[in-house]
Each structure stands twice: as structure tokens, then as C-alpha cells.
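Data block below; observations after.
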Amino acid sequence: MAAPKRGRSASAQSKPGRSLALILIAIVALTGGMFLSGHTTPRLGIDLAGGTSITLEAKADQGSAINKANMDTAVDIMNRRVNGLGVSEAEVQTQGDRNIIVNIPKGTNSKEARDQVGTTAKLYFRPVLAQEATGPAASASPSASASSSASSSASPSPSASATGEKATSSSSASPSSSATSQGRAVTDALKADSTASPSASASASASPSASASSSAGTSADAKLQAEYAALDCSKESQRSKAGEGAKPEDSTVACGEVDGVWYKYVLGPAAVAGTEVKTAKAVYDTQTAAGWQVTMDFNKSGASKFAKITGELAQNTQPQNEFGIVLDGEVVSSPYVSQSITGGQAQISGSFTQEEAQSLANMLSYGALPLSFQEQSVTTVTAALGGDQLHAGLLAGAIGLGLVVLYLVFYYRGLSLVAMASLLVSGILTYVIMALLGPAIGFALNLPAVCGAIVAIGITADSFIVYFERIRDEIREGRSLRPAVERAWPRARRTILVSDFVSFLAAAVLFIVTVGKVQGFAFTLGLTTVLDVVVVFFFTKPLMTLLARRTFFASGNKWSGLDPKSLGAKPPLRRTRRPAPVETKEA
């Protein structure tokens, strides 16, 4: 009878320390990376940290297709609005092909957030009445307040172009200007603006309440002067509130950044709305070597209004010949003109890089979002409620883990040490990977994800139980512990792989077909299932191989959980020769 092959089994038994060393090195490396990154705790989702979560679904009812480019543009515009709320750690990200998730932590008012996202962006063309550089950068470089890197003039060509990012100002706008000089500049600009509108003055003189209107206007001008004098655009808190609540027909103040210097503006009533821009594109001028430019096409009403406002601005001196392109209250560009631009087409040129030109074109073209969005859900959770939920989830996990440990100790006794050590390794790997995935891919631990981790405790314990029972079956057949550990592994391995594959497949399908917080449950379930396979193969099995060499387990101590007598083992297997048949002789 041929002897059984023992080479592979002997090799597996002789090198279990290699697998244990490998997984311990991986734990040390991941833990070190976690501390080096500075993210030692997993990022918490809105339902645990508190805040507002808004789910928006794209609708292709504005003539635009739902594609990655349009969704990314919508995310960029929404990001600007959310950041304007003045909260930290706000997130705007796509989810699937049609959804955008806006997460605003720390209990931000949901109504304010809903007003900021998902609606048409407020893009206007407003005439510039006054401007001045603000902040430390202006103090360090006074000349920055008077000029910008780009200066050019309007072209009288048939294409009717408006050029320049920011014009050279004829007035000195030193940061050290007194409030009195600022007020006088604003007053003069407002007077010039009012006299430039004959229809407004005529209607005011014809009205019986002209004096009352004049008094109201004077009061409004004084308020605007005070806002302009007090405004410091280098401070984010003031930028976010500049011109807050201003109507399109009112003059207002605003902020804008040019070459790292923040400017404050007094802007007249909106002359053209962003919805009247049909298209805007970033193009590279190869003929005149002017570099990157932005071309705009207006609709019929927009072309008429734009021709009128450029004609009025061309008669003024700088900076009153500029118009500010204002997106959500911020001046993104302020080109100037020297003559009326007709034909419904305009061109903005200057020292643009490709990225800057494309960004401005997107703002002009998508002043209205490229897609309309419908609210699917709005969830507001206070930080206190989120903390209570986290505490309840962790308590449930601790109770579940405690019950599993009690069952293992009661039923498996000494083997429970292997199971608990394996659960500990699995828990460490799960925690460290979740902490690293936060800054890496934006993973946030929400309440369903905590539930997935709790469910994973049972899945991981189930793998250990399958292996332990296979070992016990081998002992019941009369084998000693060391061969029982090796013979039980191939059978247990197949069962564990099939079971974990089914769990992972269910988690993957759930992650793909669902949106929102359910994906957190599916992601955590899939992650812990993969880690279960890693722990069983590289920790549990090698550890059992080492323990099988220890007398406490190998001798079948009654507290080891592997006592042959208590398991009802058969007598040891022995090979015996069959007696040779005896031939009887006939008499």
C-alpha cells in the first residue's frame, strides 16, 4: 500500500510563523501610516457627527444631458455656495450617475442649506461704481490697488469684443484711505450712476413723492457708504456676508480676488442676468497670440441689454467703465470696455491660463446649473443626537461581542483564546483601515456602517466555528490534534470561502443598487468580509498549527476544548494486517 504524501502538509506545519509575522507587519505598517497621517479616528458621517445631508437627483429638463462633465460642473458651483455658508468640512460629491450628496456637518440649518444648493445660480453683470484693494496684501503692495496684471481695451472689430480682466484705475485706492474719502467716492459714483439713467430721474421728478424717494435714496446711499467703508474682503467672514440680501435692482457691495489680492467693490443695479448668456467658451487665440480668451453669446434680450450697458460704461473713466461679473455675490471678473458692444457677442481676454479661462467660461455658461435638481431627501441631525446614536451603536456592538465571547468560552473553552485573538486582529485591521479610508476616499462612518461592523462580528466568528468543528470531527475519528488540524483545514477552507463569497456578493450588489446611507452598511460589510478571509488564512490557521504543538492542547486537556473523551472519540486508528486464509486439507 502506497504511503500518503506528507510533503505539503509538513511544509504548512513547519512555517506557520511566517504567516503570523506577515500579518503582524501589515498591522504595524497600517497603524504607523494612520498616526503619520494624523487621522487616528474614522471620519464620522452626518448622522453621527450631526449636520445636514441633502440628496439631489439630476433632471435633464434644461436641454443638457446627464453626463460626468455636467455633474462635475454642478458640483463645482454647489461647492462655492456651500462654502459660502461659513461651515467647515462641508462636502459636495456625486453618487452614482444622477445624484449629488451635499453634507454640511455641525447642525447647519437645513433651510439655509437648501436655499444655497440645487437652485439656479445668481449670476449678474453689474456696473462697477468704485473699487479698492483690501487686506494685508494691499498694505504690502499699494500699487496692487491701482492696477492689475491684465490691461487692454475694447476692440471696434465686427466681433465686438470686451477685453481685460481688470482695468487700470484712474483713482488712487490706497488701503489707508479714510472713511471720509471712501464715502465721498461712493457718493460721487452713486450720483453719476443716477444721472446716467434719465428715465429714473424723469419718473422721480414726475412723482408727487419725489422728495420722499430722494430721502430714501440718500439713506440707502449712506448705508452703502458705511458697508463699503467697513468691508474688509481679506476676511472670509466678511466676504460671505458682503451684499447679503441685495436685490438685482439695488446697488450693493461685493468682493473679488485678483492675483492673490482681494478687492472690494460698489456695484450698480444688475444690467444683464446670467440666464441671458446662451453659451460661453474658453478658446485659444492663435491669430493674434492673445492667449486664452472667453467668448460669450447672449440671447436677444441679453444682447440688447449688454449693448446698452457697455455703451453707458464706455463714456466713463476707470473704474466706472468696468462691469463686474458677479456669481453668488462674488466678483469673478471685472473687464472694462471703451465702446458699445453690439451683435450679442463679446470676448473677454487678458492674462488667462487655460484653467482660469475654462473656469470663467463655466461660470458664465452655467450661471444657471447645467442640470436642474430635485430634492430626494433632506436629513438634519443635531450633534447631540448623533452622539447618542454613536453611543447606542457602540453599546450594541459591545453587547454583541460580549455574547459571542461568552458562547465561545462556554462551548470551546481553550479554543476561545484563538477566536478572541482573531477577533482582536480583525477589529484592529478594520479600525485602522477605516481611519485611513477617511482622508483617502472620503469614507465616513455612519450609523448603517456601524451596523455592518456589528453584523461582521457574527460572520467572523462563524468562520472560526466552522474550522473548530472540522478539527473536532477529525478528533472524533480517532486522530491526534496535529494531523487533525491539517486534515480539517482543506474542508473548512472551502466552506469559509463559499460563505464569505456569498456575503461579499450580497454586499457588492447592495452597494451598487442602493444610494445614500445604505451604501455605508454595504461597504462596511464587504470590507469586514474580505478581512475575515485574511485573518482566517494568515492568523487563525497558523496560530492553530502552533498551538497543536503545545502539550495543553495536544494532550487533549479537558479545558482545551479538544478532549477526545468528552467529544466521544473512537479508538486510535491503527493499521492491522489481515490474517492469511488457512487452507484446509481434505481427508
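Summarising the geometry, atom CG belonging to Asp532 is positioned 8.0 Å from atom OG1 belonging to Thr540; distances are rounded to the nearest 0.5 Å. With values rounded to the nearest 0.5 angstrom, Leu562 atom CG is found 10.0 Å from Ser555 atom OG. How far CD1 of Ile27 is from CG of Leu22: 10.5 Å, rounded to the nearest 0.5 Å. In this structure, CG on Leu36 lies 11.0 Å from OG1 on Thr31, to the nearest 0.5 angstrom. Interatomic distance, CZ of Arg550 versus CG of Leu481, reported as 12.0 Å (0.5 Å rounding). Atom CG in Leu543 sits 6.5 Å away from atom OG in Ser422 (nearest 0.5 Å).
Considering all non-hydrogen atoms of both residues, Met544 and Val418 come closest at SD-CG2, 3.8 Å. Looking at every heavy atom in both residues, Gly397 comes nearest to Ile457 through O-CD1, 4.0 Å. Of all the heavy atoms in Asp500 and Thr529, the pair that sits closest is O-CG2, 3.2 Å. When all heavy atoms of Ala74 and Ile100 are compared, the pair lying nearest together is CB-CD1, 4.0 Å. Considering all non-hydrogen atoms of both residues, Val536 and Ser463 come closest at CG2-CB, 3.8 Å. Val92 and Val75 make their closest contact through O-CG1, 3.5 Å (heavy atoms, listed as atom of the first residue, atom of the second, distance).
No side-chain heavy atom of Ile471 sits less than 4.5 Å from a side-chain heavy atom of Glu474. With contacts defined as side-chain heavy-atom distances shorter than 4.5 Å, the pair Thr524/Met434 qualifies. Side-chain contact between Leu531 and Ile433: present, with at least one pair of heavy atoms (C-beta onward) separated by less than 4.5 Å. In this structure, the side chains of Leu30 and Leu429 come closer than 4.5 Å at one or more pairs of heavy atoms.
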Margin query: Apply side chain to side chain contact (heavy atoms under 4.5 Å, CB included) to residues Phe539 and Leu20 and explain how you reach the verdict.
Written below: CA-CA 6 Å; Phe539 186 80; Leu20 290 174; 3.5 Å; yes
Checklist line | Stepwise side chain to side chain contact (heavy atoms under 4.5 Å, CB included) test for Met34 and Tyr431 | finding: CA-CA 10 Å; Met34 179 184 70; Tyr431 180 88; 4.2 Å; yes
Margin query: One pair to check against side chain to side chain contact (heavy atoms under 4.5 Å, CB included): Val485 and Phe553. What are the steps and the verdict?
Written below: CA-CA 11 Å; Val485 167; Phe553 289 94; over 6 Å; no
Next item on the list: Please step through side chain to side chain contact (heavy atoms under 4.5 Å, CB included) for the pair Asn70 and Asn67, ending with a clear verdict.
Entry: CA-CA 6 Å; Asn70 286 339; Asn67 52 38; 3.4 Å; yes
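Remark: the backbone N or O of Thr495 is not paired with any side-chain donor or acceptor of Ser499 at under 3.5 angstrom. A side-chain donor-acceptor contact under 3.5 Å links Thr134 to the backbone of Trp262. Between the side chain of Gln519 and the backbone N or O of Phe511, at least one donor-acceptor pair lies under 3.5 Å.
Residue-environment remark: CZ (Phe521) exceeds the threshold of 12 foreign heavy atoms within 6.0 Å. Applying the 6.0 Å contact sphere to CZ of Phe501 captures no more than 12 heavy atoms from other residues, nucleotides or ligands.
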Could you give the side-chain donor-acceptor pairs of residues 402-415 under 3.5 Å, partners two or more places apart or in another chain?
unit_1 : atom_1 : unit_2 : atom_2 : d
Tyr412 : OH     : Glu469 : OE2    : 2.7
Arg413 : NH1    : Lys558 : O      : 3.0

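At a threshold of 4.0 Å, the pair Glu486-Lys541 counts as salt-bridged, since one of the basic side-chain nitrogens sits closer than that to a carboxylate oxygen.
Using bins of under 30°, 30° to 60° and over 60° for the plane-to-plane angle, the ring pair Tyr467/Trp489 lands in the perpendicular bin.
A donor atom on one side chain and an acceptor atom on the other are found under 3.5 Å apart for Ser234 and Asp232.
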